[in-house]
Each structure stands twice: as C-alpha cells, then as structure tokens.
Engineer: 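Before I ask anything, here is the structure I am working with.
Just so we're on the same page: letters track the sequence lines, and every chain starts at 1.
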Protein chains: 2
Amino acid sequence: MRDVARGRSGRSDRDKLAPKAVIGRVSLYLRQLEAFQERGMTTISSSRLGTTLGVNDAQVRKDLAYFGQFGCPGIGYRIDELIVVLRGILGIDREWSMALIGLGNLGQALLKYRGFRGRGFRIVALFDNDPSKIGKVFESMTVAPLDSLAETTRSLDLEMAILCVPADAAQHAADIVVSSGITGILNFAPTPLVLPDRVNVVGVDLSVQLEHLAYKVHNSQIAGSIALEDSASSFRPTSTSLE
Amino acid sequence: MRDVARGRSGRSDRDKLAPKAVIGRVSLYLRQLEAFQERGMTTISSSRLGTTLGVNDAQVRKDLAYFGQFGCPGIGYRIDELIVVLRGILGIDREWSMALIGLGNLGQALLKYRGFRGRGFRIVALFDNDPSKIGKVFESMTVAPLDSLAETTRSLDLEMAILCVPADAAQHAADIVVSSGITGILNFAPTPLVLPDRVNVVGVDLSVQLEHLAYKVHNSQIAGSIALEDSASSFRPTSTSLE
DNA sequence: TAGATTGTTAATCGATTAACAATC
DNA sequence: TAGATTGTTAATCGATTAACAATC
C-alpha cells in the first residue's frame, strides 16, 4: 500500500475532469454516431441522437458543450467531425497497451473478447501468480509471474491493467501494478482498492449489477402482484410496448 | 397512490424503487458486512462501514433508513440481522434461475464464472442462434436454439436472462426473451434495447467502462504534464525534462 | 423568409453531507 | 452518567430539464 492519503490532497487537476455521467454518455454518443455514419448519415441533431439513446436533447447539447462548440444551429452536428472530436476527448484516438492480470475464467474471456480490440485497446502481456497458470500460453502470449510486471511495463510501454484476480488477491496485485508505473486499472475484483490519487480506477462489479437486476425484478414482481390485487380485472394499459 | 397519472407512462409502481445509486451501495454494504461477519465481528457503525467502502457515514445511515430502522443508537447495526435484512431487500434471499443467451467468449466465461453462483444466481439453460453453437455442451448443459426459450422458461421457471450476443443480434434476442415471459435482462450487448416497461434491464457495457478509464488516464497524463511544466517553469523555464 | 436547431441561462429535481436531538 | 451512534431534518451540492435568443 502506497500513500493512502485520500481526499483533500492535490485534487485540483482532477477536478477538471468532466463528471462521470457525462463521460459515460459521451462514450455512448460516439458509438451511436459511428452507427449513423455507417448508414450514410452526415449530420445529426441533439434531439435525434438523444432519442435513440434515451437521453434528453438538452442533455446531449450540454454534455457536448462541456468540451466546446461543435454544432451548427439549424443544422445539428456533423457526424464525421463530431466522431473525431469525441475520440480525442476520450483519448481513444490512439492505441492503448494493456496488461491482463489474472487468467481465471473471466480473464481468459476478456482476453478473447473482440469488443476491446476494435476500439484500440490491446492486451499485450499476461500475468498471474498461480504457478499452474505461469508459463501457459493464451492467444500466443505466455503468462508471466506478477513480479515481472514492472520490467514488462517498461519494455512494452504498458499504461493500463485489467485486474481479474480473486478479491483476496486484488489489493496485493494492485500494489504491484501501481509500483510498476501503470496509472490505469480496470478492476473486476469485487473489492475496493486503496490506491494513490494519481492512479485511475474504474470498477466493474458484476455481482453488484446482477444483484441490482434481482432487486428490480423482485420488486416489480411485488408491485405487479399488488397492482393485480388492486384492479382485479381492469385491463392494465401496459404503456409503451415495443415500437 | 398507485395509479397517479404521472406523466406519460404508467410508472407509478416503479417510482417506489430506491434510487439506482442506493441499491448499488446496499449491495456493497452487504458484501462488506459478510466480510466483517467472517472476521467474527457482531456489530458495526455506519461510520466504520462507510470508511471501508469510501462512503460518507450519513449516507450509509440514510441508505439503510430508506428501507426501515435497523440500527441501535449508541451501538450501531447488528451485523447478522442487517445481512438478513439486506438480502431480503435485494431479493437474494433465494435462488434465481437464469438463461444464458449467446455462447461466444464472454458468454462462456460468465457461465464458468464462480462469482454468480455463490450468490444464488444459477445459469440453468443455454441458448444461441448460431448453428455451430447449437447442440454443443458447456458445463453439462446443451445449447438450444433461441426459439425454444419460451418453452424452457416455463419448464424451468426462468426469471432472468444474461444476454451476451453481438450488438446486431441483441434487439431480436431481447424480443424473444421478453415474449418468453422473462422479466429481467442483464445486457452485455453494447447497444440500447427497446423493451416494455415491465421488463427490467441492467446494462453492463464493458467498452464504455474501458473508454472511461482511457479518458481518465489520458486526462490525468495531460494534467500531470501541465503540472510538471508549471512547476518546472517556476524555476527552470522552457525545460522539457520528462520524469 | 420560415423552420430547425444550437448553446446557454434559469428552473427544477435529486442526491449528498452536516448537524443534532433522541437514545442506547 | 458519559460516550457513542442512530434516524432525520436542513443545508449544500450537483445534475437534469425547460425555455429561448441567436443563428444557420
């Protein structure tokens, strides 16, 4: 564990980052714009882009205005221009080399997953501390022990790591990642990591997501049965169907 | 109270669901409480629980108070009691049977992933529309064609589906899921789904998460180099030294 | 021009945090 | 009792939406 001093330390640079929610939506806008472009469209209004993604039109404009003025009043946004701009904002107008740490089921799957490569994220080195994994070859890369990470980070210019180790190994692995100089971690381990401020983490907690779904289904079942009781035979206007 | 003509769609039931963020944190509280319990602790204060997870203590209390009064002033919360309560709230005090739809890399991985099973989520049937997948056996389950989903939903009492198909197949697959009577979808396909209100969806968009990380790293690198320039120029102008 | 759509301000809505009486 | 901690209200903070002048 490095300098834990969370909180009030020198955050001023960080404070300039756009709110989490904005960036998530920008990512969605970009993908949708690419889809529109493929269909041959050249301009798009905030209203149309928003409707497709379930986002208010004012929100689309505000999100984009956060980074500059990219639209033409009366016309909308030029799709090709906006795509270039958004890629630059997100920092995906280039390739990123990543380490994959932990080659259990999830790690192996993410390695094969095509979704990342198409967007410039390349897994170029594999690490694990399990002796039964070290030396194995996946996608023509050999799994190396975690303590060789620093060296490889230098030789291959790794900037991000995907952390797919069990919860009880996560903090230790993360410490090694940090000391190797990597400054971005995509954390799939279901545990909070304590890290220095300069290291960026995005957590993907599959159990939390699934439990959220269980909560919703569980509670809409309850709501549903109450509604049934309430209006025994009145046809429930099941609002929007597909469309 | 139930059928207040609230705007466009009949959402009144849904409006009673706790905010997304609250549920996400409740899920984290539960996991942390289980960890505390394993270490033999019997009570916990909102302050201690919050600190461990990086959540404000007032927020912990408020989140829990959303569902009832579970604490003892001066003492804190009894861990074993709170665990039972939270499991009930989330609807994970029982088992959920799920369909896995799409057996590409990600689907296969999620099938093997241990994280779900331990929490009562069981994948009990596999579906795919790719002829090369149908009939194959994974974890002693045979992949069936998607159009047999409705039948299996009835026979096995499926309530949720994990959707792991490519983006361009997702809406069609989701329509079949919905028509089969399943009311919860964990969507890994990187595309928005258009679904009736009564169907619950939680989306897990790995590309969005990874792009968010890229954004953070990209921008903290910029911030970092500006900070370097700034401090360098304060006593060594025009220096371009790295490190 | 008339219609469409932006960027932006003001209004609204929701979520987080501080503060504190109640209470164990 | 004194110290600790809850549940909850009020204050703050942040995010979303409505509205509209500017402009293509």
Engineer: When you check the phosphate oxygens OP1 and OP2 of D:dG7, does a side-chain N or O of B:Arg61 lie under 4.0 Å from one of them?
Structural biologist: no
Engineer: Got more than 12 heavy atoms from elsewhere within 6.0 Å of CZ, A:Arg114?
Structural biologist: no
Engineer: So, is B:Ser46 near the phosphate of D:dT5, with a side-chain N or O under 4.0 Å from OP1 or OP2?
Structural biologist: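 Answer no for this pair, as no side-chain N or O of B:Ser46 is under 4.0 Å from OP1 or OP2.
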Engineer: Check B:Ala174 against B:Leu195 and note the closest heavy-atom contact, atom names and distance.
Structural biologist: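 Here B:Ala174 and B:Leu195 meet closest at CB-CD2, 3.9 Å.
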Engineer: Taking the nucleotide of DNA chain D with the closest heavy atom to each, which residue, B:Asp57 or A:Ile75, is nearer the 5' end?
Structural biologist: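 Result of the comparison: B:Asp57.
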Engineer: Once you round it to whole Å, what is the distance between P of C:dT6 and CD of A:Glu81?
Structural biologist: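 The distance from CD of A:Glu81 to P of C:dT6 comes to 14 Å, rounded to the nearest Å.
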Engineer: Whole angstrom is fine here: how far is it from CD in A:Gln59 over to P in D:dG14?
Structural biologist: 17 Å
Engineer: Taking the minimum atom-to-atom distance to the side chain of B:Ala65, which one of D:dT8, C:dT16, C:dA15 wins?
Structural biologist: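 So the nucleotide nearest the side chain must be D:dT8.
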Engineer: Between D:dT5 atom P and B:Leu49 atom CG, what is the distance in whole Å?
Structural biologist: 13 Å
Engineer: If only atom types and distance count, is the side chain of A:Tyr215 paired as donor or acceptor with the main-chain N or O of B:Ala18 below 3.5 Å?
Structural biologist: yes
Engineer: Specify the residue among A:Val22 and B:Gly76 whose closest nucleotide of DNA chain D lies further upstream toward the 5′ end.
Structural biologist: B:Gly76
Engineer: Can you tell which of D:dT5, D:dT16, D:dG7 lies closest to the side chain of A:Ala21?
Structural biologist: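 For the A:Ala21 side chain, the nearest candidate turns out to be D:dT16.
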Engineer: Please give, in whole Å, the distance from D:dT12 P to B:Asn56 CG?
Structural biologist: 16 Å
Engineer: Nearest whole angstrom, please: distance from the P of C:dT16 to the CG of B:Leu64.
Structural biologist: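 To the nearest whole Å, that distance equals 14 Å.
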Engineer: Side chains of B:Ser220 and A:Asn200: is there a donor and an acceptor less than 3.5 Å apart?
Structural biologist: yes
Engineer: Answer yes or no: does atom CZ of B:Arg117 have more than 12 heavy-atom neighbours from other residues, nucleotides or ligands under 6.0 Å?
Structural biologist: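 Yes, the 6.0 Å shell around CZ holds more than 12 heavy atoms from other groups.
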Engineer: D:dA15, D:dT8, C:dT6: which one has an atom nearest the side-chain heavy atoms of A:Pro73?
Structural biologist: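 Ranking D:dA15, D:dT8, C:dT6 by closest atom to the A:Pro73 side chain puts C:dT6 first.
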Engineer: Over 60° means perpendicular and under 30° means parallel, so tell me whether B:Phe121 and B:Phe116 are parallel, tilted or perpendicular.
Structural biologist: perpendicular
Engineer: Under a 4.0 Å N-O cut-off, is there an ion pair linking B:Lys62 with B:Asp57?
Structural biologist: no
Engineer: How many Å lie between CG on A:Asp63 and P on D:dT16, as a whole number?
Structural biologist: 7 Å
Engineer: Of all the base pairs, Watson-Crick or G-U under 3.5 Å, which form stems of three or more consecutive pairs involving DNA chain D?
Structural biologist: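 Output for stems: C:3-24 with D:3-24.
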Engineer: Set out, in order, the CA-CA distance, both residues' side-chain angles and the distance that settles side-chain contact (heavy atoms from CB on, under 4.5 Å) for B:Asp197 and B:Val199, then state yes or no.
Structural biologist: CA-CA 5 Å; B:Asp197 265 14; B:Val199 178; over 6 Å; no
Engineer: Output yes when at least one side-chain N/O atom of A:Gln69 is less than 4.0 Å from OP1 or OP2 of C:dT8, else no.
Structural biologist: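 Yes.
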Engineer: Between D:dG7 atom P and B:Phe70 atom CZ, what is the distance in whole Å?
Structural biologist: 9 Å
Engineer: Heavy atoms only, 4.0 Å cut-off, all strands: where does B:Arg25 land among base, sugar-phosphate and nothing?
Structural biologist: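 Sugar-phosphate contact only.
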Engineer: So, OP1 or OP2 of D:dC24: does either fall under 4.0 Å of a side-chain N or O from A:Tyr77?
Structural biologist: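 Indeed not, no polar side-chain atom of A:Tyr77 lies that close.
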Engineer: What is the distance, rounded to the nearest whole Å, between atom CD1 of A:Ile44 and atom C1' of C:dT6?
Structural biologist: 14 Å
Engineer: Toward the 5' end of DNA chain C, which comes first, A:Gly74 or A:Gly68, by nearest nucleotide?
Structural biologist: A:Gly74
